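Inspection log for the structure reproduced underneath, given as structure tokens.
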Amino acid sequence: QVLLGESGGGSVQAGGSLRLSCAATGDTFSKYAVGWFRQAPGKEREFVTAITGSGGATSYSDSVKGRFTISRNNPKNTVWLQMNSLKPEDTAVYYCAARDDPIPRMLASWYHYWGQGTQVTVSS
């Protein structure tokens, strides 16, 4: 079992950058795939990106591919989401999530542990 906590959200103008952090405590972190999801007001939670337990493979949604980068450092129990070229449509609460498997999935229902979320607001 792991506990997750996000940080790094904030307000930025379009074209700017933010880096989100997801810090984990608990079990051996490399056992868990980690994903980032986001939820905008009035919309369903959507997949953004995910990384395998080892950090050797990543996947991205089409909407963020080429702009966002996920990475992790297992000894530091941390996953990062680097967000560049931000757009107003990236505005949402961003959540990190972990699942009891080193292989990630794109569906939120596959994840067992969730952080509290961090707000990202991009203004035009």
Side-chain angles (χ1 to χ4, degrees):
Q1 183 174 357
V2 291
L3 296 176
L4 304 174
E6 304 95 336
S7 62
S11 297
V12 65
Q13 290 191 325
S17 299
L18 284 173
R19 187 167 96 152
L20 306 183
S21 298
C22 175
T25 58
D27 201 356
T28 304
F29 197 38
S30 60
K31 293 166 56 176
Y32 299 85
V34 173
W36 284 95
F37 293 78
R38 66 187 182 186
Q39 188 166 18
K43 295 188 177 181
E44 292 187 355
R45 191 167 299 189
E46 66 170 349
F47 171 80
V48 176
T49 180
I51 190 166
T52 56
S54 67
T58 58
S59 59
Y60 297 90
S61 67
D62 288 343
S63 62
V64 307
K65 196 173 296 182
R67 300 187 298 122
F68 291 12
T69 303
I70 188 171
S71 60
R72 69 189 294 164
N73 183 316
N74 285 335
K76 293 186 177 181
N77 287 356
T78 304
V79 172
W80 295 278
L81 178 61
Q82 178 67 43
M83 306 186 294
N84 298 328
S85 302
L86 283 160
K87 304 175 181 180
E89 51 264 44
D90 294 318
T91 295
V93 177
Y94 283 71
Y95 299 89
C96 69
R99 63 186 301 267
D100 285 326
D101 192 291
I103 306 301
R105 294 285 186 265
M106 295 177 65
L107 290 178
S109 58
W110 282 97
Y111 288 79
H112 306 95
Y113 311 103
W114 290 82
Q116 80 285 354
T118 186
Q119 177 71 45
V120 172
T121 303
V122 185
S123 59
S124 57

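Remember, it's a predicted structure, so these values are computed and weren't measured experimentally. Positions are given from 1, in the same order as the sequence printed here.
- Here salt bridge (charged side-chain N to carboxylate O under 4.0 Å, His left out) pairs that include residues 56-71, with residues two or more places apart or in two chains, are D62-K65, R67-D90.
- Residue I103 shares its hydrophobic cluster (ILVMFWY side chains chained together at separations under 4.5 Å) with no other residue.
- Among pairs with a residue in residues 39-55, those fulfilling salt bridge (charged side-chain N to carboxylate O under 4.0 Å, His left out) read R38-E46, at least two apart in sequence or across chains.
- Using a 4.5 Å heavy-atom threshold, the side chains of T25 and V2 count as separate.
- The two residues V34 and I70 have their closest heavy-atom pair at O-CD1, 4.0 Å.
- Of the possible donor and acceptor atoms, one in the side chain of E6 sits under 3.5 Å from a partner among the backbone N and O of G117.
- Between atom NZ of residue K87 and atom OG of residue S123 there is a gap of 15.5 Å, rounded to the nearest 0.5 Å.
- In this structure, the side chains of T118 and V93 stay at 4.5 Å or more apart for every pair of heavy atoms.
- The two residues A24 and F29 make their nearest non-hydrogen contact at CB-CE1, 3.4 Å.
- Listed for the N73 side chain is a donor-acceptor partner under 3.5 Å among the backbone atoms of K76.
- In this structure, W114 is a member of the same hydrophobic cluster as M106, with clusters built from ILVMFWY side-chain heavy atoms closer than 4.5 Å.
- Annotation: side chain of V120 is in contact with side chain of L18 (closest heavy-atom distance under 4.5 Å).
- Remark: R72 CZ to S54 OG distance equals 7.5 Å, nearest 0.5 Å.
- Judged by distance alone, with hydrogens and angles left aside, the side-chain atoms of S85 form no donor-acceptor pair with the main-chain N or O of G15 at under 3.5 Å.
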Discussion item. Determine whether L86 and F68 satisfy the following criterion, side chain to side chain contact (heavy atoms under 4.5 Å, CB included), listing intermediate values before the conclusion.
Written reply: CA-CA 9 Å; L86 283 160; F68 291 12; 3.8 Å; yes

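- Inter-residue side-chain proximity for W36 and C22 is flagged as met; some heavy-atom pair is nearer than 4.5 Å.
- The SG atom of C96 lies 12.5 Å from the CD1 atom of I51; values are rounded to the nearest 0.5 Å.
- Taking every heavy atom of both residues into account, V48 and V64 meet most closely at O-CG2, 3.6 Å.
- Partners of K31 by salt bridge (Lys or Arg N to Asp or Glu O under 4.0 Å), not counting sequence neighbours, listed by chain and number: D27.
- Hydrophobic cluster membership is shared by L81 and V12, with clusters built from Ile, Leu, Val, Met, Phe, Trp and Tyr side chains linked at under 4.5 angstrom.
- Heavy-atom minimum distance, Y95 versus Q116: CE2-O, 3.6 Å.
- No donor-acceptor distance shorter than 3.5 angstrom exists from the side chain of Q82 to the backbone of T69, with no hydrogens or angles considered.
- Screening residues 45-67 for ring pair (Phe, Tyr, Trp, His ring centres under 6.0 Å), with sequence neighbours left out, gives F37-F47.
- When all heavy atoms are compared, the tightest approach of P104 to P102 is CD-O, 3.6 Å.
- Between atom OG1 of residue T49 and atom OH of residue Y94 there is a gap of 11.5 Å, rounded to the nearest 0.5 Å.
- When all heavy atoms of L20 and M83 are compared, the closest pair comes out as CG-CE, 3.7 Å.
- Applying the side-chain hydrogen bond (donor to acceptor under 3.5 Å, both in side chains) test to every pair with at least one member in residues 98-111, sequence neighbours left out, gives these pairs: D100-Y113.
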Discussion item. Using the rule given for side-chain hydrogen bond (donor to acceptor under 3.5 Å, both in side chains), can you reason through N84 versus S17, listing the C-alpha separation, both sets of side-chain angles and the distance that settles it, and then say yes or no?
Written reply: CA-CA 4 Å; N84 298 328; S17 299; 2.9 Å; yes

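- In this structure, the side chain of T28 does not engage the main chain of S30 through any donor-acceptor pair within 3.5 Å.
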